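Below is one structure, written out as structure tokens; the observations come after it.
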Amino acid sequence: MERYSGISPKGDLLLIMRLCETLKNRTFLHINSTRSGGGVAEILHRMLPILEEIGVAARWEIIEGDKRFFDITKKIHNALHGRTEKITKDMWDYHFEINKRNAESINLNADAVLIHDPQPVPLIEFKKGGKWIWRCHIDVSNPQKDVYEYLRRYCERYEAAIFSVSKFAKAMPLSEFIIPPSIDPISEKNMELSNDEIKGTLNRFQIPADRPIILQVSRFDRFKDPIGVIKAYKDVRKYNDCILILAGSPATDDPEGEIVLNEVKEFAEGSPDIHILLLPPFSDRDINALQRASTIVLQKSLKEGFGLTVSEAMWKGKPVIGGAAGGIPLQIIHGVTGFLVHSVEGTAFRIRQILNNPEMAKRMGGTGREYVRNNFLITRQVRDYLSVWYSLENKGKNILEL
Ligand code: UDP
């Protein structure tokens with residue numbers, strides 16, 4: 001905790017220490033479906049060591065699956081985001097079957113079990129005790145109904161559910177909590193870097209440092225709208241000389257990435273100032289440097305869970321232009337820490353507005369950093385997870401006696 005003192009709000013650190021007096025040495029198991037790629041893995045990588053350091057016996061397990069399983073779970077993911085997908089009875093059975101196999105190999109014994117997203121949700125059928133919580137990171141506010149209803153039968157068997165944004169929550173007969181995700185300010189992804197290192201990274205990727213850089217860091221996923229980003233950039237490029245970087249890496253639980261990457265490459269062909277970077281997993285320092293080298297960071301998502309990349313950029317003092325989707329409006333205060341957009345034209349307009357107003361860009365960046373400090377640092381999320389666990393353990397007790 002000492003490393004966060006002077007960075008994170010003091011109240012969060014104090015509350016964590018108090019909660020640890022009760023939860024020390026208790027076991028806290030997290031299960032998701034990938035160790036790399038995407039925001040969930042990003043947070044777990046940072047959170048597990050913190051939990052261990054404060055004395056919680058934390059463990060992180062991954063469910064294993066084959067291509068068929070991840071094709072099915074990607075369809076489920078898309079359907080929950082509202083896209084039309086057909087999930088047949090066979091597919092649901094396979095989803096369950098793979099979870100059953102995982103339940104045989106993963107030690108499910110723990111005092112608290114946090115199941116992340118729909119891929120491992122059927123594991124609840126194999127519960128051995130402890131408090132089981134479903135942690136939903138995706139926007140289920142307007143899902144394909146039959147898919148949501150099917151999953152709901154599993155979800156309702158949990159003791160509690162956690163959503164990132166209040167509008168994602170569904171009325172279910174269990175305790176529900178709203179806990180937005182967070183970034184770790186002292187990780188390689190977010191720590192301060194020297195100007196030399198930032199320049200060195202640009203050099204290595206053969207990106208000139210002589211013009212403003214517009215950046216989007218994302219998995220190659222249609223919901224992140226990389227094509228829309230290129231369209232907006234091409235529009236801006238008619239008036240402002242600038243560079244576009246689209247940086248992404250594959251996620252093992254996202255089989256569509258390669259197809260989308262190829263579409264993006266094709267669409268960018270013939271534009272030498274568009275740099276498409278396929279980064280290996282765990283390129284945290286490079287992403288940090290690219291974000292710091294940028295003038296504007298975009299996250300032009302059409303659908304989004306939370307959009308960690310927004311807080312990452314705001315922490316680095318960058319104005320962010322984000323699609324008004326999922327958790328992005330929670331982070332971007334329109335006109336104050338960045339701009340929310342609804343279209344390609346709107347994105348191009350806001351890019352130009354920021355490029356032409358460096359003073360405004362600086363002001364937005366500074367406000368954004370403080371906003372992240374107060375709301376979206378990992379210590380706040382550790383505080384919230386421990387609080388939920390504590391509250392479930394003490395459910396029904398008179399608060400004054402605790
Ligand atoms: N990320 C990364 N490498 C990439 C693309 C993304 O490390 O090539 C990270 C990014 O910095 C962020 C996370 O993956 O920390 C993406 O989280 P977000 O919530 O923005 O989107 P998700 O992928 O979970 O939908």
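Just so we're clear, the structure is a prediction, and the values are computed from it rather than from any experiment.
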Working to the nearest 0.5 angstrom, can you tell me the gap between [X] [atom1] and [Y] [atom2]?
| X | Y | atom1 | atom2 | value |
| --- | --- | --- | --- | --- |
| R157 | L123 | CZ | CG | 12.0 Å |
| C136 | H116 | SG | NE2 | 11.5 Å |
| D71 | T73 | CG | OG1 | 8.0 Å |

Salt-bridge criterion met for [X] and [Y] (N-O under 4.0 Å):
| X | Y | result |
| --- | --- | --- |
| E104 | R101 | no |
| K199 | E197 | no |
| K189 | E42 | yes |
| R292 | E192 | yes |
| E345 | K231 | no |
| K238 | D235 | yes |
| K362 | E359 | no |
| E304 | K224 | yes |
| D241 | R237 | yes |

Are the aromatic rings of F96 and F126 close, with centres under 6.0 Å apart?
-> yes
Aromatic contact, F163 with H137 (centres under 6.0 Å) |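 Distance test on ring centres: not under 6.0 Å, no.
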For atom CZ of R18, decide whether the heavy atoms of other residues, nucleotides or ligands shown that lie under 6.0 angstrom number more than 12.
->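 Counting other residues, nucleotides and ligands, CZ of R18 stays at 12 neighbours or fewer.
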Donor-acceptor contact present, side-chain R350 to main-chain F339, <3.5 Å = no
Kindly say whether Q119 contributes a backbone atom to a donor-acceptor pair with the side chain of D117 at under 3.5 angstrom?
->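 No, the answer is negative, given that no donor and acceptor are paired below the 3.5 Å cut-off.
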Do you see a donor-acceptor pair shorter than 3.5 Å between the side chains of [X] and [Y]?
| X | Y | result |
| --- | --- | --- |
| D284 | N190 | no |
| T337 | Q331 | no |
| D12 | T379 | no |
| Y4 | D184 | yes |

Intermediate values then yes/no, ring pair (Phe, Tyr, Trp, His ring centres under 6.0 Å), F223 and H81 = CA-CA 9 Å; F223 285 134; H81 267 320; 5.0 Å; yes
Closest heavy-atom pair, L377 versus S8, reported as atoms and distance to 0.1 Å, is CD1-OG, 3.9 Å
Is the shortest heavy-atom distance from the side chain of R204 to the side chain of T201 under 4.5 Å?
->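 The answer is yes, as the side chains (C-beta and beyond) meet within the 4.5 Å cut-off.
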Could you label the plane-to-plane angle of the Y150 and W92 rings as parallel, tilted or perpendicular, counting under 30° as parallel and over 60° as perpendicular?
->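 Ring orientation of Y150 relative to W92: parallel.
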Assign the ring pair F28 / H30 to parallel, tilted or perpendicular, where the plane angle (0 to 90°) is split at 30° and 60°.
-> tilted
Mind jotting down which residue pairs meet the ring-ring contact (aromatic ring centres under 6.0 Å, His included) criterion with at least one end in residues 302-330? Sequence neighbours excluded, please.
-> F306-F376
Give a yes/no verdict on a cation-pi contact between R35 and W60, requiring under 6.0 Å between NZ or CZ and the six-membered ring centre and an angle within 45° of the axis.
-> yes
Begin from the C-alpha positions of E159 and S175 and carry the test side chain to side chain donor-acceptor pair (under 3.5 Å) through to its verdict.
-> CA-CA 7 Å; E159 197 142 342; S175 303; over 6 Å; no
With sequence neighbours left out, what residues match S141 under side chain to side chain donor-acceptor pair (under 3.5 Å)?
->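 Here the qualifying residues are D139.
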Set of side chain to side chain donor-acceptor pair (under 3.5 Å) partners for Y154, sequence neighbours left out =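 Listed in chain order: nothing, the list is empty.
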Apply the test side chain to side chain donor-acceptor pair (under 3.5 Å) to residues D146 and Q144: give CA-CA distance (whole Å), side-chain angles for both, the deciding distance (0.1 Å), then the verdict.
-> CA-CA 6 Å; D146 60 315; Q144 187 180 316; 3.1 Å; yes
